Amino acid sequence: MRFFGKAHKFGDDVNTDYIISGKYKFKTLDMKELAKHVMEDLDPDFYKKISGGDFIVAGSNFGCGSSREQAPLAIRNAGISAVLAKSFARIFYRNCINTGLPVVECDTGLIDGGDMIEVDLAGGIILNKTRELEIPVKPLPGVMIKILNDGGLVPHFRKYGGFNLD
Amino acid sequence: MGQTIIEKILSTHSGQEVYANDIVVAGVDFVMGQDGTSPLAIRAFGEMGGKEVFDREKVAFVIDHSSPSPNEGVSALHKLMREFSRAKGFRLYDIGEGVCHQLVPESGMVGPGCLVIGADSHTCTYGALNAFSTGVGSTDLAAGLISGRMWFKVPGTIKFVLNGVLPPGVFSKDLILHLIGDVTADGATYMSAEYTGDAVSALSVEGRFTIANMAVEMGAKAGLMEADDKTFSWLARYTGRKFEPARADRDAVYAAIKEYDISALEPQVARPHRVDNVCPVGEVAGTPIQQAVIGTCTNGRLEDLGIAADILRGKRINGDVRLIVAPASKRVLLDAMREGIIQDLVEAGAAVVTPGCGPCVGTHNGVPSDGENVISTANRNFKGRMGNSNAFIYLASPATVAASALAGVISDPREFF
Ligand code: SF4
């Protein structure tokens, strides 16, 4: 999996209420509709600024707060290819892997908003093309790689009928 | 090698001796979903090829977040949940029953040593009963419904040793707000918290729930306490079931140990828009408020409503304030009626809404207007949390919220104690 796109920069502690507000997520299972409101409370026009393949780049504790899986689904349906952050909140992190949204822990201080980024997930490499930098990546635990390789937890279960992580 | 509480519970449930950073697949004792997360889980259940739930007795859905339904979109999702639970033959708590994190403990299905997953981030609440319970998303919920199992990375543990006696007018909510302010919103990410010390022993089980509930507000996966006589007599009101408590070994290894003496603690307030933006009440006293909320899975229990009623009895709230009370469950509501607490609150000017999440998550029951200040007993004050990103939410204890509703400005409740 290789992605190329622009960085959209956010700060620390971006919570799931900011990613997708509760007032929308309780109403519908239509993720394309929810995607239009992604990050709305932080940047009302964010959805319009995304070109397919772009990245959300954030500080620490990204995705803290509620367990709503609509958060990674809204991000993915908005056309974001991966989220890069210094660290993630744990439920959000699990939800991303389970639903197939790549998340990468790395030093996002080396990326500015607007920088062009290339992410090679399999190779574990991030290139900041604008600043000509290679950024080291913290590797995912083995179980998560297995689930991601199956395409998420749903295909994993369909394939094995249960957890098969040994 | 000695084990922490969470290492013990994950060992018994995975059939091997495990320690921090091990990865395990463990059996779960109970699985819960609410109306914000279950609909997506039902979809994933079908896509995964799920036929039946792993054990009908060990599964429940709760309609509490938007309850009763405020619009047709929500109604369709509620209907989906009702049809699914009926078809699979497991329990659904419908509108008016209460908040999931009050109903699961009241069900008697969860107690010391249990392992519970819930598709709600505050599932950590049952840590007060010595259960390892944690929040998951909808896909994990579907996997748990089908298999009765879940994978975990065994977390390291931060031990909080809480010594001293809480002063009058200062409560477990003030204590946990103080801890969160100290360790910050991501101070315990990927970790488990263990709370111990004479200040914890002195708390009622209701007060302990408040502390375990907010473990996730410091990023923790769980907030655990040891079971004691109070735990067992609390459980005996709901079930005759026997549980196997998990105790930390004396030589358990902790990632960090933090000690606090809470004898001089003042009432605490979390200011907008962060739960770790905490200060003593004095620093924000005098801030005008337009709405006050008493309820939620953090502070909607009988003890909480009773504390508020003691302050409001025979008085009227300020004319510029709307006070909303959401009892945590039908049982709490009935008990509060029997004890005259609801009478006191309503006579003082409170609007009592359906047992459930109330206005906590911004779907209904009191969305604030632009520029308004709200003081609430809830656990989150993020911008937009209550449905309006131009409102300001302050978090505090039921006593501080009641005293503030009376005065119309944020107020120190200690003069009432
Ligand atoms: S009361 Fe609030 S925090 Fe608790 S479960 Fe309901 S929405 Fe979540």
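Lettering follows sequence order; numbering is per chain, from 1. For clarity, every value in this text was computed on a predicted model and none was experimentally measured. The basis for the numbers below is simple: all heavy atoms, side chains too, and nothing from hydrogens, waters or symmetry mates.
Annotation: side chain of B/W151 is in contact with side chain of A/I147 (closest heavy-atom distance under 4.5 Å). Residues A/R158 and B/M48 form no side-chain contact, since every pair of their non-hydrogen atoms from C-beta on lies 4.5 Å or further apart. When side chains are defined from C-beta on, B/E47 does not count as touching A/F157, because their heavy atoms never get closer than 4.5 Å. Using a 4.5 Å cut-off on side-chain heavy atoms (C-beta onward), A/L165 and B/I23 make no contact. Counting only heavy atoms from C-beta outward, the side chains of A/R94 and B/K153 never approach each other to under 4.5 Å. In this structure the side chain of B/Y190 reaches within 4.5 angstrom of the side chain of A/F88, judged on heavy atoms.
Between A/D17 and the options B/R385, B/R380, B/R274, a salt bridge (Lys or Arg N to Asp or Glu O under 4.0 Å) holds for only B/R385.
The contact between A/D13 and chain B is made entirely by side chain atoms (from C-beta outward), counting heavy-atom distances below 4.5 Å. Heavy atoms of A/L42 lying under 4.5 Å from chain B are absent altogether.
The candidate with the highest count of non-hydrogen atom pairs below 4.5 Å against chain A, out of B/I146, B/V25, B/D186, B/D35, is B/D186. For the set B/A143, B/S66, B/S389, B/S75, the entry with the most heavy-atom pairs within less than 4.5 Å of chain A is B/A143. For the set B/V136, B/N379, B/V216, B/V275, the count of heavy-atom pairs under 4.5 angstrom toward chain A peaks at B/V136.
No hydrogens or angles considered: a donor-acceptor pair under 3.5 Å links the side chains of A/E69 and B/T139.
We find the OG-CG distance between B/S121 and A/N15 to be 10.5 Å, quoted to the nearest 0.5 Å.
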